[in-house]
Amino acid sequence: RYVINNEGRFRTEKIPAREVKNWLWMRLNNRSDAEWKKWFALLKECGISGVMFEGYNENIYRLCKEAGLEAHYWKWTMNRRELLDKHPDWYAVNRKGESCHDKPAYVDYYRFLCPNHQGVAEYLAEDYVKEAHKPYVDGVHLDYVRMPDVILPVSLWKNYGIEQKEELPEYDYCYCDVCRELFKAKTGQDPLELKYPMENQSWINFRLDAITRVVDAITKAVKADHKAISAAVFPGPSMARKMVRQDWGEWTLDACYPMIYNKFYYEGPEWIGRSVKESVETVNGRAKIYAGLMFGDIKDNFEEALDEAYNNGASGVSFFDGPDEEYLHKFKAYLDKRGFVVK
């Protein structure tokens with residue numbers, strides 16, 4: 001680029017290469033050590049910086065690290081089955097009075113905890129520190145750190161035979177006794193008596209803040225252990241607040257990975273750019289934004305989707321359910337063409 005000083009003199013200055021980090025979400029499988037080594041070497045060669053593993057295997061994490069990749073433990077947060085017997089009272093309750101303990105929304109595995117119950121935040125913080133302590137773990141990655149979907153992505157409505165044109169009571173959480181009493185003490189109102197709960201900003205903020213307090217507790221504990229912390233979040237802070245009571249733009253994480261799965265919302269690649277732009281502007285430098293991309297959604301518009309993410313300020317991308325070896329090499333060629341340096 002050309003630079004001009006106060007005296008009107010020009011000089012040329014080399015623009016430093018842009019540094020990016022790129023990721024994969026992965027489930028563990030039964031590959032041999034040789035297969036894992038080959039796979040991790042391919043990821044490193046093709047511009048992947050690290051992996052979020054759903055689960056833990058010390059040997060696999062070690063092999064990942066030895067290949068020069070970061071290894072992060074990916075685990076569900078508010079959606080927990082292991083407490084069904086020990087703490088049935090900890091589960092979130094919808095506006096119809098139905099608990100996730102015995103009548104979960106949508107699917108059987110939707111067993112969400114209530115963030116306001118005493119003991120929930122402490123339990124989750126201790127659990128994540130325990131995971132962060134494991135050998136070769138560079139950090140923890142939060143998922144399902146939210147309420148159940150009060151509004152599903154539009155492409156999923158047909159799967160359940162519903163039209164969520166408004167906030168239906170069976171998907172609106174949490175109205176347990178603890179939440180009701182806390183809100184009543186704060187505002188003098190019982191949320192079950194609100195005529196239009198979906199329009200009551202105090203009630204909306206009460207639930208947003210409850211999830212944020214849980215995240216703050218986990219973050220404080222993990223940071224004290226000197227490990228990184230990040231989260232998979234819903235696309236765009238405004239959509240996340242509306243759809244799942246997730247105010248992630250206010251969280252104090254190292255990184256957020258908005259899951260910008262465009263075809264879930266019947267959107268094209270350009271929507272990726274809009275979502276990234278809103279995300280970057282909202283966090284305002286407090287955290288890195290890595291655009292979460294569903295590989296199947298972008299396969300036919302691969303470079304266009306990547307351009308939308310990087311050109312709107314993403315610090316990198318994270319792929320789910322792919323890419324395969326062919327597209328990893330295409331990704332490498334793309335990074336080289338853009339002149340990016342992979343950290």
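When a residue number appears, it is its place in the shown sequence, counting from 1.
Ring centroid separation for the pair His72 and Trp23 comes in under the 6.0 Å cut-off. Not less than 6.0 angstrom separates the ring centroid of Phe53 from the ring centroid of Tyr73. A distance below 6.0 Å separates the ring centres of Trp203 and Tyr175. Aromatic rings from Tyr310 and Phe340 are positioned such that their centres are separated by under 6.0 Å. For an aromatic pair to be called close, the ring centres must be under 6.0 Å apart, and Tyr123 with His87 fails this. A centroid separation of 6.0 Å or more is found between the aromatic rings of Phe319 and Tyr327.
At least one side-chain heavy atom of His329 sits less than 4.5 Å from a side-chain heavy atom of Leu42. Side chains of Glu308 and Val276 form no contact here, defined as non-hydrogen atoms less than 4.5 Å apart.
Note on Leu208 and Ile211: separate hydrophobic clusters, where clusters join Ile, Leu, Val, Met, Phe, Trp and Tyr whose side-chain heavy atoms are under 4.5 Å apart, directly or indirectly. Grouping the Ile, Leu, Val, Met, Phe, Trp and Tyr side chains by contacts below 4.5 angstrom, directly or via other members, places Met259 with Trp157.
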Are Glu131 and Lys75 close enough, and set up right, to give a salt bridge (Lys or Arg N to Asp or Glu O under 4.0 Å), and what steps lead you there?
CA-CA 9 Å; Glu131 310 299 8; Lys75 191 170 187 178; 2.4 Å; yes
Please lay out, stage by stage, how Asp247 and Arg241 fare under the test salt bridge (Lys or Arg N to Asp or Glu O under 4.0 Å).
CA-CA 5 Å; Asp247 196 15; Arg241 289 191 295 268; 3.5 Å; yes
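When each of Tyr56, Tyr136, Trp74 is tested with Tyr61 by the rule ring pair (Phe, Tyr, Trp, His ring centres under 6.0 Å), just one qualifies, namely Tyr56.
Taking a 6.0 Å sphere around NZ of Lys44, one finds it holds more than 12 heavy atoms contributed by other residues, nucleotides or ligands.
Taking a cutoff of 4.0 Å between a charged side-chain nitrogen and a carboxylate oxygen, Glu167 and Arg245 qualify as a salt bridge. A salt bridge does not link Glu170 to Lys103: none of the charged side-chain nitrogens sits closer than 4.0 Å to a carboxylate oxygen. Look at Lys263 and Glu267 and you find no salt bridge, because none of the NZ, NE, NH1 or NH2 atoms lies under 4.0 Å from a carboxylate O. The pair Lys332-Asp336 counts as a salt bridge, with a side-chain nitrogen and a carboxylate oxygen less than 4.0 angstrom apart. Between Asp127 and Lys130, at least one side-chain N (NZ, or NE/NH1/NH2) sits under 4.0 Å from a carboxylate O, which counts as a salt bridge.
Taking the ring centre of Tyr128 as origin, the terminal cationic atom of Arg80 falls inside the region bounded by 6.0 Å and 45° from the ring axis.
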